[in-house]
Amino acid sequence: MNKNGMRCFNSSSTYKITLIIVLFILGFIAMIASVCLGTMSFSVKESLHGIFVNDDSAARLIIWNVRLPRTLSGGLVGICLALSGCILQGVMRNHLASPSTIGVTSGASFVGYLTLVAFPGYYHLLPIGSITGGFFTTLGIYLLAYNKGVSPVKIILSGMAVSTVFSAFNDMIRSFFPEKLANATGFLVGSLNGVAWKNLIMILPYALIGILLCLFVPSKMNILMLGDEMANSLGVRTESFRLFLILVSSLLAGAAISVAGLINFVGLIVPHIARLLVGSDYKYLLPASIALGYMLIIICDLIGRIVLPVGEISVSVVLSFVGAPFFLCLLRNKEAK
Amino acid sequence: MYFGFKDISINYGKREIIKDVTIEFPKGKTTTIIGPNGSGKTSLLKVISRAVTPVRGEVVFNGKPLKQYKLKELAKKIAYLPQVHNSPSDIDVRTLVSYGRYPYKQFGRGLTRYDNDIIDNTIEITGLKNLQNRLVETLSGGERQRAWIAMTICQQPEVLVLDEPITYLDIGFQLEVMELIKKLGEEMQLTIIMVLHDINFASRYSHYLLSIKDKGVYSYGDPRKIITSGKLEDIFGIQSQIFEDEKNNCPFIIPEKKRSKWLTLGN
């Protein structure tokens, strides 16, 4: 019986690992598709030529200067938002938490706006501004909702309130200082249109640090999920660990926002989809979220680029149209089981 | 002092709950804390788990205040099971039990063969072998409590602290869980400190009882000394008959009448 039991246990973790690998492969395929397809489509061979051979062909210009940085940045933004949402849902012990629902994105973009207005020439300060904004907003919301444990309803409500205030400020800044914000298009619109290598390079260090820090998280996070008292007596310093997690998630969300602006929904639905697929063990949940966040943004951006004959739909709009029904279906199927 | 409280005082806001409690728990024995609702029993336990910070005093383990230990070192010595547990809905029993090995985990390493042996052994002695791949949420209350107790046992503690371990269980599971606690206590020579509301279970399964009343220790000692009708009237305001349970060699009580301002029971 024990042997049989062990085999069952192993096979379920084998299943999860296989699933995660499949997700990564799908993500890679999505990336290739995103580079090849568009208003002007290229074969895989032409695309590879465009990436690795620097001639002045049209293919090189489009693929190297436009599509590749856009795809990579989009993927990175997806990873950051998904991880950030995953971690926030754990910290707040609330499945409704995500960078957008608890007000982190609006706080981050507010400070981002301020940075742009105060230092118009220093575009590279934008991520630092967003990250700082995200951190203090998350911390503020956490403290507002904290009273011997965090009440889920309180978090969402205070998040919504804080979000509304910051959006109002953001609107004011947009109408008073339009000329100073001209530099940061993606940040304003919530789209990946016009994202170039410089944007990718700008957020890469922050995103990489954030992703690397996530490697230290999973097993401790599982323990935190048992409740503060239990985690404490298993040797986790819950308060400082939470602060660390808030910092990491703001770092990730802030980095993402400073390139792609307010892309809602990824941070909320990706952790859910991942949880439905691989369960709530963070050892599997975080890698699955990485793969899914990456894939989701790239696919939605691709759809936005090719669905209309002229012009494009921004990635956040596509996400809402594609992501929401998909998510609802998943939830319904889960209920039916 | 091996393990105990030294001059502990606890406030909730401005209200004083526990005042200057000093008590040493005998090593390798089971001590049960009894007392009326709201008397501060759980708060005392929560001082051990650091969920409640006392305004004065400290918990002492092996002659040193808990504060001087690293949290992870402590987690290898003292295990604590709160009354209400949270767990993710889709976690299986074996995974839950394995979390008890967390304090021993080396950074960046998974469970070692030794860890897995401990887990296997714990699952065996807590009778979870046939349940180890079941999801915790699909278990009955009694089985779930056994799984959580197994997790704390995986910590290989010297001291086990249990807050109302049988409160939500039916009488069959209550008996089962109490027998398990007794067995574990004897086999692993644990120092067990728990809170129970059921005086008869407390009497039968404890070496010592500690009763709390009016913010402090009312009485402490062998169950025979604590369970007398006079003392129970003082602590709980009840009149009761005390009998001798000859089979289990302990006193047991039948409550008769409650002193109450708004309700008269019995005749």
Side-chain angles (χ1 to χ4, degrees), chain A residues 1-13 16-17 89-90 93-95 147-150 152 212 215-241 271-272 274-285 334-335 337, chain B residues 12 45-46 48-52 69-96 98-105 107-111 116 120 123-124 128-135 148 151-152 154-155 157 160-161 163:
Chain A
M1 184 60 214
N2 187 25
K3 255 194 163 168
N4 187 21
M6 285 306 289
R7 207 179 310 133
C8 263
F9 179 67
N10 283 338
S11 80
S12 82
S13 68
K16 287 172 188 173
I17 291 168
Q89 289 182 2
R93 210 170 287 133
N94 182 344
H95 288 182
N147 179 23
K148 292 195 174 127
V150 192
L212 280 178
L215 291 176
F216 298 87
V217 162
S219 56
K220 223 177 188 178
M221 198 88 187
N222 285 334
I223 302 295
L224 190 67
M225 293 298 94
L226 302 178
D228 279 21
E229 276 189 290
M230 206 68 244
N232 251 319
S233 71
L234 283 168
V236 175
R237 293 172 181 281
T238 47
E239 289 312 313
S240 57
F241 184 48
H272 276 274
R275 204 174 285 116
L276 290 171
L277 291 174
V278 299
S280 54
D281 185 338
Y282 273 83
K283 264 180 268 168
Y284 306 110
L285 191 57
K334 170 92 170 176
E335 293 294 308
K337 269 183 210 165
Chain B
Y12 271 174
L45 293 195
K46 286 192 171 179
I48 301 176
S49 78
R50 300 189 187 202
V52 166
Y69 288 89
K70 279 186 178 169
L71 224 46
K72 271 210 175 162
E73 288 312 307
L74 217 50
K76 297 174 188 171
K77 302 289 183 192
I78 303 172
Y80 172 80
L81 188 60
Q83 187 184 347
V84 182
H85 339 112
N86 311 295
S87 68
S89 54
D90 59 354
I91 174 179
D92 62 59
V93 172
R94 194 182 167 86
T95 308
L96 178 67
S98 77
Y99 288 163
R101 297 306 295 167
Y102 180 77
Y104 297 87
K105 195 175 167 310
F107 183 76
R109 297 254 298 273
L111 294 169
N116 274 313
D120 283 336
I123 283 174
E124 181 84 44
L128 292 166
K129 213 168 168 184
N130 296 332
L131 301 173
Q132 60 175 325
N133 296 311
R134 286 264 300 276
L135 297 183
W148 281 94
M151 194 208 80
T152 59
C154 248
Q155 283 172 257
L160 179 59
V161 182
D163 190 3

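Every chain is numbered from 1 and lettered A, B, ... according to where its sequence line falls, protein lines coming before strand lines.
Between chain B and the residues A:Pro218, A:Ser280, A:Gly279, the most heavy-atom pairs under 4.5 angstrom are made by A:Ser280. Of the listed residues (B:Lys76, B:Lys105, B:Arg50, B:Arg101), the one with the most heavy-atom contacts under 4.5 Å to chain A is B:Lys105.
For chain B, the nearby part of A:Ile223 is the side chain; its heavy atoms alone come within less than 4.5 Å. Heavy-atom distances place the backbone of B:Ile78, and not its side chain, under 4.5 Å from chain A. At a 4.5 Å heavy-atom cutoff, the contact between A:Lys220 and chain B is made by backbone and side-chain atoms alike. Residue B:Leu96 touches chain A through its side chain alone, counting heavy-atom pairs closer than 4.5 Å.
Contact annotation: the side chain of A:Met230 approaches that of B:Leu81 to within less than 4.5 Å [non-hydrogen atoms, C-beta and beyond]. Taking 4.5 Å as the limit, some side-chain heavy atom of B:Lys46 sits within range of a side-chain heavy atom of A:Glu229. Two residues are said to be in side-chain contact when any heavy atoms from C-beta on lie closer than 4.5 Å; B:His85 and A:Leu226 fail this criterion.
Interatomic distance, CG of B:Asp90 versus CG of A:Leu276, reported as 9.5 Å (0.5 Å rounding). Expressed to the nearest 0.5 Å, how far NZ of B:Lys70 lies from CZ of A:Arg237 amounts to 9.0 Å.
When all heavy atoms of A:Leu234 and B:Ala75 are compared, the pair lying nearest together is C-CB, 3.4 Å.
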Assess whether side-chain contact (heavy atoms from CB on, under 4.5 Å) is satisfied between B:Ile91 and A:Met225, documenting all intermediate values.
CA-CA 11 Å; B:Ile91 174 179; A:Met225 293 298 94; over 6 Å; no
